[in-house]
Amino acid sequence: MKSISKYIWVVWIVLIIELLTISFFRNPTSDCDTNAYVVVSIHFIVTIITLIISDSKYSSIFVWALILRTLFMLWDLNARHIFTFPGSGMDSEYFYRIAVSVSEDLTQLKEPIRSGFYPKILGVLFYFTGPARILGHYVNVLFGLMVVIFVYKTLVLLNIEHNITKTILLITSFFPNSLIVSAILLREILPTFFVVVSLYYFAKWYKEEKLWAFIISLFSLALGAMFHSGVIGLALGYLIMLLFYKHSSKKFVFSFQNFLLFIPVLIFVFLFSTSFGDVMFDKFRTLEEPSDIFESTMLPLGESAYLQGFTVNNPLQFILFAPIRAFYFLFSPLPFDWRGVKDIVTFFLDALLYMFILYYFFKNKRYFSQNKKLIIILFVSIVIVAIIFGIGVGNAGTALRHRQKIVPVFLVMLGLMMQEKEKTNLLIR
């Protein structure tokens with residue numbers, strides 16, 4: 001793991017050097033698109049070489065993860081007239097237009113923008129390089145690759161055996177929706193990256209009891225929440241583990257003192273969300289009254305909308321309704337909502353993975369022993385995030401994009417569960 005950790009910095013350092021170079025030599029008459037394609041081509045080759053020499057055991061998976069994401073990127077840039085990836089289109093065009101506008105007038109960085117930080121970041125990039133769209137795509141490709149690498153780092157940290165690690169890496173690398181969101185001009189891959197970084201440092205705290213690792217984990221989630229507030233729900237699961245899990249006994253200890261400690265944690269979360277609510281919780285900024293929340297669950301838009309017949313008029317109904325919306329968020333488009341081949345393909349290539357992992361959890365929980373507490377907390381964290389997203393999401397297309405943000409949590413949990421089951425079976429033999 002040390003080798004891949006060392007070499008991934010090369011990827012970013014080389015990119016920064018290239019971007020600074022084209023920025024320095026850029027002039028108003030230069031063709032920024034041609035320059036950008038040259039930068040991407042050189043960097044792609046350097047990254048392939050870096051991946052090959054960094055880790056002999058899994059380097060081929062990392063290389064193909066990069067190649068496929070790059071091919072998807074090139075398709076989205078040059079062949080959308082033949083086939084358009086889900087999510088590419090209106091939103092990605094909007095991000096690009098706003099980014100170009102910001103690059104031409106950086107004073108807009110101070111102004112609130114409906115889509116948050118992502119187009120501002122692209123705008124700053126384009127300010128130095130010119131509005132070469134491929135650069136925005138390629139940065140997403142690299143973040144997609146980093147997601148794969150950090151899933152690997154987390155599995156190694158948790159001592160997951162080779163065959164299971166390889167299986168999880170293959171899913172992480174070639175999961176269709178992960179390939180797509182890494183290649184198109186959407187913000188989805190950035191919160192996914194911060195989620196997996198957070199997960200890695202949370203696992204480091206779990207294994208080594210280092211408080212600084214836990215702090216970095218929460219900080220990473222806060223960065224992810226700046227792109228979409230829903231991922232902050234993972235923090236609640238992490239904080240439950242911090243307060244009630246004892247490393248010495250490897251058990252949850254529930255006591256009156258623990259619950260008293262939970263009160264200042266909740267106060268801190270409240271104050272933090274109040275202070276930074278305009279940045280992190282823009283998803284719910286317009287919800288001023290409890291009735292607004294109830295009404296927000298009744299606004300599914302688009303052809304893939306679901307649960308249109310439900311009405312919520314009071315807090316009790318809301319509590320009952322939230323788990324149903326979470327269920328639909330994770331598993332839609334469900335068979336009884338299928339409208340055609342596209343929905344069927346989406347279910348089998350995306351939703352079925354989440355369904356399988358949660359089925360695997362309930363079917364095999366009797367095997368959990370060594371890492372049982374961590375598996376339970378990851379499951380609880382997933383449920384919390386699903387409820388948060390479920391409240392604000394009302395159609396299968398949007399759910400497809402948003403649940404991608406917690407794919408790393410699902411896959412690391414799957415790796416842990418597979419390891420626990422295999423160890424138990426070996427003991428039985």
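This chain uses plain numbering: 1 for the first residue, then up along the sequence.
The heavy-atom pair separating L199 from Y238 by the smallest distance is CA-OH, 3.7 Å. Looking at every heavy atom in both residues, P131 comes nearest to F126 through CA-CG, 3.8 Å. Of all heavy-atom pairs spanning P408 and V147, the tightest one is CG-CG1, 4.1 Å. The two residues A132 and A36 have their closest heavy-atom pair at CB-CB, 3.3 Å. Among all heavy-atom pairs drawn from I180 and P86, the shortest one is CG2-O, 3.6 Å. The two residues R69 and T172 have their closest heavy-atom pair at NH2-O, 3.4 Å.
Between Y152 and F62, the ring center distance clears the sub-6.0 Å criterion. Aromatic pair F362/F379: ring centres closer than 6.0 Å. Ring centroid separation for the pair F410 and Y354 comes in under the 6.0 Å cut-off. Checked against a 6.0 Å centroid threshold, the rings of F331 and F327 count as neighbours. The aromatic ring centroids of F244 and F252 lie 6.0 Å or more from each other. Ring centroid separation for the pair F72 and W75 does not come in under the 6.0 Å cut-off. For W12 and H43, the gap between ring centers reaches or exceeds 6.0 Å.
Judged by distance alone, the side chain of E420 and the main-chain N or O of Q370 form a donor-acceptor pair under 3.5 Å. With S182 contributing its side chain and N140 its backbone, the two residues share no donor-acceptor pair below 3.5 Å. Put simply, the side chain of S198 never gets that close to the backbone of F194: no donor and acceptor are under 3.5 Å apart. Proximity of a side-chain donor or acceptor of N177 to a complementary backbone N or O of L400 within less than 3.5 Å is detected. Side chain of Q419 to main chain of N159: a donor-acceptor pair is present (N/O by atom type, distance under 3.5 Å, no hydrogens or angles). Using modelled atom types, one side-chain atom of S220 and one backbone atom of I216 make a donor-acceptor pair closer than 3.5 Å. Looking only at distances, a side-chain donor or acceptor of T50 sits under 3.5 Å from a matching main-chain atom of V46.
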Please walk me through it: do V151 and Y200 pass side-chain contact (heavy atoms from CB on, under 4.5 Å)?
CA-CA 8 Å; V151 167; Y200 170 75; over 6 Å; no
What verdict does the side-chain contact (heavy atoms from CB on, under 4.5 Å) test give for E422 and Y367, after you've listed the backbone C-alpha separation in whole Å, the side-chain angles of each residue and the deciding distance to 0.1 Å?
CA-CA 9 Å; E422 186 165 305; Y367 298 117; over 6 Å; no
Intermediate values then yes/no, side-chain contact (heavy atoms from CB on, under 4.5 Å), M417 and I357:
CA-CA 9 Å; M417 293 189 296; I357 293 174; 3.9 Å; yes
Let's go through V385 and L236 carefully: what are the C-alpha distance in whole Å and the side-chain angles of both, what is the deciding distance for side-chain contact (heavy atoms from CB on, under 4.5 Å) to 0.1 Å, and is it a yes or a no?
CA-CA 9 Å; V385 172; L236 186 55; over 6 Å; no
Under the ring pair (Phe, Tyr, Trp, His ring centres under 6.0 Å) rule, what do Y138 and F44 come out as? Steps first, then yes or no, please.
CA-CA 9 Å; Y138 187 65; F44 175 79; 7.4 Å; no
As a quick check of understanding, evaluate ring pair (Phe, Tyr, Trp, His ring centres under 6.0 Å) for F356 and Y360, giving each step before the final call.
CA-CA 6 Å; F356 167 76; Y360 196 95; 5.7 Å; yes
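Once rounded to the nearest 0.5 Å, the distance linking CZ of R403 with CG of L330 reads 7.5 Å. Atom-to-atom distance recorded for E161:CD and T167:OG1 is 9.0 Å, nearest 0.5 angstrom. For the atom pair OG of S173 and CD1 of I67, the computed distance is 11.5 Å after rounding to the nearest 0.5 Å. In this structure, CD1 in I149 is found 12.0 Å from CD1 in I61, a value given to the nearest 0.5 Å. Between the CG atom of L416 and the CE atom of M418 there is a distance of 11.0 Å, given to the nearest 0.5 Å. Atom CD1 of residue I406 and atom OG1 of residue T192 lie 9.5 Å apart, to the nearest 0.5 angstrom.
When the shell of 6.0 Å around CH2 of W338 is examined, it contains more than 12 heavy atoms from other residues, nucleotides or ligands. Heavy-atom neighbours of K373 NZ from other residues, nucleotides or ligands within 6.0 Å: above the threshold of 12. Annotation: K372, atom NZ; neighbour count of heavy atoms from other residues, nucleotides and ligands within 6.0 Å does not exceed 12. Summarising the local packing, OH of Y127 is surrounded by 12 or fewer heavy atoms from other residues, nucleotides or ligands at distances under 6.0 Å.
Contact check for L51 versus L145: side-chain heavy atoms found under the 4.5 Å cut-off. Looking at V141 and H137, their side chains never come closer than 4.5 Å, going by heavy atoms from C-beta outward. Proximity of L190 to H228: side-chain heavy atoms (C-beta onward) are nowhere separated by under 4.5 Å. Using a 4.5 Å heavy-atom threshold, the side chains of R339 and I344 count as separate. Annotation: side chain of D350 is in contact with side chain of F175 (closest heavy-atom distance under 4.5 Å). For the pair F117 and R187, the minimum side-chain heavy-atom distance is 4.5 Å or more. Side-chain contact between L158 and T154 is present, with heavy atoms from C-beta onward closer than 4.5 Å. Taking the side chain as every heavy atom from C-beta outward, L186 and R401 approach each other to under 4.5 Å.
Between the side chains of D91 and Y96, not a single donor N or O lies within less than 3.5 Å of an accepting N or O. Looking at Y58 and H162, their side chains do bring a donor and an acceptor atom within 3.5 Å of each other. The closest side-chain donor-acceptor pair between T346 and D343, if any, does not fall under 3.5 angstrom. Judged by distance alone, the side chains of S88 and D76 do bring a donor and an acceptor atom under 3.5 Å apart.
Between E188 and K405 there is a salt bridge, with a side-chain nitrogen of the basic residue lying less than 4.0 Å from a carboxylate oxygen of the acidic one. With respect to D33 and R133, no salt bridge is recorded, no charged nitrogen being found less than 4.0 Å from a carboxylate O. Using a cut-off of 4.0 Å between Lys/Arg side-chain N and Asp/Glu carboxylate O, E93 and R80 are scored as salt-bridged.
A search for side chain to side chain donor-acceptor pair (under 3.5 Å) contacts involving E104 returns nothing, not counting sequence neighbours. Evaluation of the side-chain contact (heavy atoms from CB on, under 4.5 Å) rule for Y37 yields L74, L77, N78, I134 as partners, not counting sequence neighbours. Partners of D105 by side chain to side chain donor-acceptor pair (under 3.5 Å), not counting sequence neighbours, listed by chain and number: T107.
Judged by the 6.0 Å and 45° rule, K204 forms no cation-pi pair with Y201.
Exactly one residue among F143, F227, F95 makes a ring pair (Phe, Tyr, Trp, His ring centres under 6.0 Å) with Y118. That residue is F95.
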